[in-house]
There are 2 protein chains.
Amino acid sequence: MSPDKTLADKAYRKLRAEILDGHLGAGQKLKLEALAKDCAVGMSPLREALARLQGDHLVVSEGQRGFWVAPLPLDEIDDVSRVRAMLETEALSASIAKGGSAWERRVKEAFERLSQFEEGMPSPGTERPAALLNAWEERNHAFHAALVSGSGSPCLTRLCEQLYQQSERYRRVSRMVSGGRRNVHEEHVAIFRAALERQTLKACRLVEDHILRTAEQIRLAMSLNELPDA
Amino acid sequence: MSPDKTLADKAYRKLRAEILDGHLGAGQKLKLEALAKDCAVGMSPLREALARLQGDHLVVSEGQRGFWVAPLPLDEIDDVSRVRAMLETEALSASIAKGGSAWERRVKEAFERLSQFEEGMPSPGTERPAALLNAWEERNHAFHAALVSGSGSPCLTRLCEQLYQQSERYRRVSRMVSGGRRNVHEEHVAIFRAALERQTLKACRLVEDHILRTAEQIRLAMSLNELPDA
DNA sequence: GATAGTCAAAATATCGAAAATTTCAACGCC
DNA sequence: GGCGTTGAAATTTTCGATATTTTGACTATC
């Protein structure tokens, strides 16, 4: 019952995960033959998967010269984060205004799942296994998605999703989810409360700070680690 | 010297044009064999082209059941247009604030090209050949792109481009570019002047009105013509 | 010594046929 | 009469081989 109906789906998911994990570094040349072997598929499904990843801006291709993992320019973190903050605050305020009980329930459930997880996590600074980070990432994603899910604007929701994904790539490449002194959990709690109390301005401000603060940490981590950016 | 480096590019462009033109109607099932023949390519390039169109939200696919032209829900015109208005006004105000002489030159050139064309066009209400509409569309697109090209935010620029494309699809499906009593040319002139005079608020308001008014006309045209929406 | 041209090796792009899946209508059963 | 089953036709998906293009080094020439 896997969600991979076709081999192209399988390859798509696998490659996508590898890129987001940073297993396939930014800017890296993708050797088709090797990838086909790794994914255990032929050329056609692989090529289809790559074409779809191109649509997600995770892969770039050039003429007849092959495919590369999309670069991750250091100087675009702030750009992406600012635009993302704008879209998410817009969507959040619309959700607070229009969101009904179904929205509230989604937010509560997503928050609960994230909250329980964060409280059981090792304190910041400790080493964390990759599996834990993936599980946290999934819940964090769900929480953000739930918050903006009541806007009544499918278009806006799609864009939020798209930008979340781009930010996530930066975060994961910098191998950091919440490092530093920040208590991300507390920020989530504050956002959750403000949203359900329908305090639009406060909630939006909190979300914006949340996003921009994360961006700042990522930029710091990347500039320190001199990670590949092209 | 065509920009089609590969057959997949060729199929991509052709299909894209056919979908935007409305030649391939919204929701329509795509028969791979027939398309391959039309595009004069094999299955592999065709499949790659479809995967890329999926990334552009112009095509949808399901499991192992094939491909369809993406639906064009009537009730999403307003949604798309509102989000687009938000993004374009944001990008325009940033461009006015930060745009240098290069931005001004791009705006002027694009406006000139569009303006000359619009002044030579048959008056509203007249029948127009498709080739004329395509030429107008290209210039209109360039003008809007130039306006937002000085924001200094590649991310925002990409999103504007993306939403412009989606709006364009609605416009062309409704077989109308500027019908009715509106004088779109005058609106363009007003936007151009306000932008170059650095009147941020005025320019943004004009752009917003421009986009929303177009949306209203499209919705009207579509609801009258009972065009396919799924 | 540097530059242009040539050629082989490597990688990508494409095709056409075979395999797997879905669809749909006819049939029998409850 | 309605409903699940069966089987053939249509369609999608995949593979392996072939054709095309790029790369990079080697040679000859200026």
Side-chain angles (χ1 to χ4, degrees), chain A residues 1-19 23-71 228 230, chain B residues 1-19 23-71 228 230:
Chain A
M1 193 63 189
S2 80
D4 298 333
K5 297 287 284 185
T6 74
L7 291 187
D9 286 340
K10 178 180 160 190
Y12 174 74
R13 285 175 193 281
K14 181 165 164 61
L15 290 179
R16 179 195 171 87
E18 299 238 326
I19 292 174
H23 249 244
L24 292 169
Q28 178 177 337
K29 173 85 190 266
L30 294 171
K31 310 222 169 174
L32 270 48
E33 224 171 329
L35 286 184
K37 218 175 91 179
D38 282 354
C39 297
V41 300
M43 275 297 166
S44 309
L46 173 65
R47 184 161 267 277
E48 189 173 330
L50 287 172
R52 278 167 63 186
L53 287 168
Q54 234 185 317
D56 296 339
H57 301 274
L58 257 41
V59 158
V60 297
S61 81
E62 193 184 330
Q64 232 145 341
R65 302 186 40 228
F67 295 84
W68 290 261
V69 178
Chain B
M1 193 65 187
S2 82
D4 299 332
K5 295 289 283 185
T6 74
L7 291 187
D9 287 340
K10 177 180 160 189
Y12 173 75
R13 284 173 193 281
K14 181 164 164 65
L15 291 178
R16 179 195 171 89
E18 299 239 324
I19 292 175
H23 248 245
L24 293 169
Q28 179 176 336
K29 173 84 192 267
L30 294 172
K31 311 221 171 178
L32 270 47
E33 222 170 334
L35 286 184
K37 218 175 88 180
D38 281 355
C39 298
V41 301
M43 275 297 165
S44 309
L46 174 64
R47 184 162 269 277
E48 188 173 330
L50 287 171
R52 277 167 63 185
L53 287 168
Q54 237 184 316
D56 296 339
H57 301 274
L58 256 42
V59 158
V60 297
S61 81
E62 195 182 330
Q64 232 145 341
R65 301 186 38 227
F67 296 84
W68 289 262
V69 179

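So you know, we letter chains A, B, ... as the sequences are listed, proteins then strands, and number each from 1.
In this structure, the separation between CD on Gln64(B) and CG on Leu7(A) is 8.5 Å, given to the nearest 0.5 Å. Note that the CG atom of Leu46(A) and the NZ atom of Lys37(A) stand 14.0 Å from one another [nearest 0.5 Å]. Between the CZ atom of Phe67(A) and the CD atom of Glu62(A) there is a distance of 11.5 Å, given to the nearest 0.5 Å. Atom-to-atom distance recorded for Ser61(B):OG and Trp68(B):CH2 is 8.0 Å, nearest 0.5 angstrom.
Using a cut-off of 4.0 Å between Lys/Arg side-chain N and Asp/Glu carboxylate O, Asp9(B) and Arg52(B) are scored as salt-bridged.
When the side-chain contact (heavy atoms from CB on, under 4.5 Å) test is applied to Leu24(A), the partners found at least two apart in sequence or on another chain are Leu15(A), Glu18(A), Ile19(A), Gln28(A), Leu30(A), Val69(A).
Nearest heavy-atom pair, Ala49(A) versus Ala8(A), reported as atom, atom and distance to 0.1 Å: CB-O, 3.8 Å. The two residues Lys14(A) and Asp38(A) make their nearest non-hydrogen contact at CE-O, 3.6 Å.
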What nitrogen or oxygen pairs link the protein and nucleotides 9-15 of chain D at under 3.5 Å?
| residue | atom | partner | partner atom | Å |
| --- | --- | --- | --- | --- |
| dT12(D) | OP1 | Leu30(B) | O | 3.2 |
| dT12(D) | OP2 | Leu32(B) | N | 3.4 |
| dT13(D) | OP1 | Gly63(B) | O | 2.9 |
| dT13(D) | OP2 | Arg47(B) | NH1 | 3.4 |
| dT13(D) | OP2 | Arg47(B) | NH2 | 2.2 |
| dT13(D) | O5' | Arg47(B) | NH2 | 3.1 |
| dT14(D) | OP1 | Leu7(A) | N | 2.3 |
| dC15(D) | OP2 | Gly42(A) | N | 2.7 |
| dC15(D) | N4 | Ser44(A) | OG | 2.9 |

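Listed by residue number, the members of residues 52-61 of chain A with any heavy atom below 4.0 angstrom from DNA chain D form an empty set.
Trp68(A) has its CH2 atom 13 Å from the P atom of dA11(C), to the nearest Å.
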